[in-house]
Amino acid sequence: MFDYRATPDLLQGRVILVTGAGDGIGRACALSCAAHGATVVLLGRTLSKLEAVYDEIEAAGHPQPAICPLNLEAAVDKDYDDLADQLFDTFGKLDGLVHNAALLGPRTLMDNVKTEDWQQLMQVNVNAPFALTKAMMPLLRAAPDASVVFVSSSVGRKGRAYWGPYAVSKFALEGLMQVLADEQDGTSEIRVNSINPGATRTAMRKAAYPAEEPEKNPEPAEIMPAFLYLLGPDSKGVNGQALNARG
């Protein structure tokens, strides 16, 4: 998938919501989707960052995006339901949902993890994707072939010491993906998969590996072929898979 070549109009007419769209992988995903014809819904906590991405998309002449500021740590069911109503009134469907937003949390022994830190991270990394997906299901079903993508991690597929609640949250996300994918198999046109970006030049990677030379890792834009593949029609029939953005 790292070598997948998307046609310029791959996502023409599609509406794709990206969480954590203000920077890092989420920003790159939003820009890439817009560049391939999608109308992108930019969801994130920091309005100024979302506005910067919005302006960049507009300046490039791509389809006008939408901004949805939302703090996933504090969001409740009504916030997600209100968002779903707004999207239904505006677009009538949702072709893609990319769960990218996440907290890194403390990297330490489980003995040292504070309960409040654990709960905060689970709220953003697990509870929010569940609640958002649940609210978006009618919109996803209204699309001809919708795709849900959970951004995972290698430590969510094989646990490693000192990755604490972050690793556990990614294991939970993989489980959510598998259950949801199995439920859609044969009952809808929605496909559900996870993708491990691998080491990427982001602020989260820098926080996790402060001594690492960032230049050794690819920019987020360089791993977008895999995301475009999953969000476009070429991945029809791919469901319930734990994929890697790079070989």
Side-chain angles (χ1 to χ4, degrees), residues 1-4 18-20 24-26 28-29 72 96-113 117-134 147-185 190-210 212 214 216-231 234-235 237-247:
M1 288 191 300
F2 194 60
D3 296 324
Y4 175 72
V18 181
T19 72
I25 291 172
C29 184
L72 298 180
L97 174 57
V98 181
H99 289 290
N100 165 73
L103 297 177
L104 176 63
R107 286 198 58 206
T108 183
L109 285 170
M110 282 293 192
D111 310 32
N112 299 329
V113 176
D117 291 338
W118 176 280
Q119 292 173 337
Q120 178 195 37
L121 190 139
M122 292 300 165
Q123 179 64 26
V124 173
N125 293 13
V126 182
N127 297 345
F130 158 73
L132 179 58
T133 303
K134 178 182 175 183
S147 175
V148 180
V149 179
F150 292 95
V151 178
S152 187
S153 169
S154 61
V155 297
R157 295 173 180 174
K158 179 176 175 54
R160 296 212 304 270
Y162 309 114
W163 280 88
Y166 179 81
V168 176
S169 75
K170 293 301 184 179
F171 269 98
L173 216 58
E174 293 281 357
L176 175 57
M177 177 276 288
Q178 292 178 23
V179 172
L180 187 60
D182 201 42
E183 290 176 350
Q184 303 313 306
D185 188 24
I190 302 171
R191 55 193 181 278
V192 187
N193 299 281
S194 70
I195 187 163
N196 167 29
T200 312
R201 207 180 307 174
T202 63
M204 180 179 287
R205 179 74 185 186
K206 185 175 182 180
Y209 294 95
E212 183 180 67
K216 65 180 283 190
N217 298 321
E219 292 278 6
E222 296 178 64
I223 64 168
M224 284 304 113
F227 285 78
L228 291 171
Y229 170 75
L230 287 176
L231 292 167
D234 290 337
S235 62
V238 178
N239 185 48
Q241 300 300 304
L243 304 168
N244 296 310
R246 295 189 285 153

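Start at 1 with the first residue, then count along the sequence.
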Flag, side chain of S194 to backbone of E174, donor-acceptor distance under 3.5 Å
no
F227 CZ to S235 OG distance, which is reported to the nearest 0.5 Å
12.5 Å
Is there side-chain contact between V113 and T108, with heavy atoms separated by less than 4.5 Å?
yes
Can you say whether the rings of Y4 and Y229 are parallel (under 30°), tilted (30 to 60°) or perpendicular (over 60°)?
perpendicular
Nearest atoms (heavy-atom pairs only) where N193 meets Q241:
OD1-N, 2.9 Å
How long is the span from the CG atom in L231 to the CG atom in L97, to the nearest 0.5 Å?
9.5 Å
With a 4.5 Å heavy-atom cut-off, do F150 and I195 have their side chains touching?
no
To check you understand the geometry: which heavy-atom pair defines the closest contact between V18 and C29, and what is its length?
CG2-SG, 4.1 Å
Ignoring hydrogens and geometry, is there a side-chain-to-backbone donor-acceptor pair from K170 to V151 under 3.5 Å?
yes
Distance-minimising heavy-atom pair for V238 and R191
O-CB, 3.3 Å
Validation row: S154, R160 side chains within 4.5 angstrom (heavy atoms)
yes
Evaluate the side-chain proximity of N125 to L173: yes if any heavy-atom separation is below 4.5 Å, no if none is.
no
Whether the side chain of N239 engages the backbone of A181 through a donor-acceptor N/O pair (distance < 3.5 Å, no angle test) should be reported.
yes
Minimum heavy-atom distance S153-N196, with the two atoms named:
CA-OD1, 3.6 Å
Stepwise, does the side chain to side chain contact (heavy atoms under 4.5 Å, CB included) test hold for L180 with I190?
CA-CA 10 Å; L180 187 60; I190 302 171; over 6 Å; no
Check L72 against A128 and note the closest heavy-atom contact, atom names and distance.
CB-CB, 3.9 Å
Side chain of T19, backbone of N100: donor and acceptor closer than 3.5 Å?
yes
To the nearest 0.5 Å, what is the distance between CZ (F130) and NE2 (H99)?
11.0 Å
Side chains of V168 and V126 in contact at under 4.5 Å (non-hydrogen atoms):
no
Audit row: W118, M110, side chain to side chain contact (heavy atoms under 4.5 Å, CB included) steps and yes/no
CA-CA 10 Å; W118 176 280; M110 282 293 192; 4.0 Å; yes
Decide if atom CZ of F171 counts as having more than 12 heavy atoms of other residues, nucleotides or ligands within a radius under 6.0 Å.
yes
Please tell me if the side chains of N244 and R157 come closer than 4.5 Å, counting only heavy atoms from C-beta onward.
yes
Minimum heavy-atom distance A221-A28, with the two atoms named:
N-CB, 3.9 Å
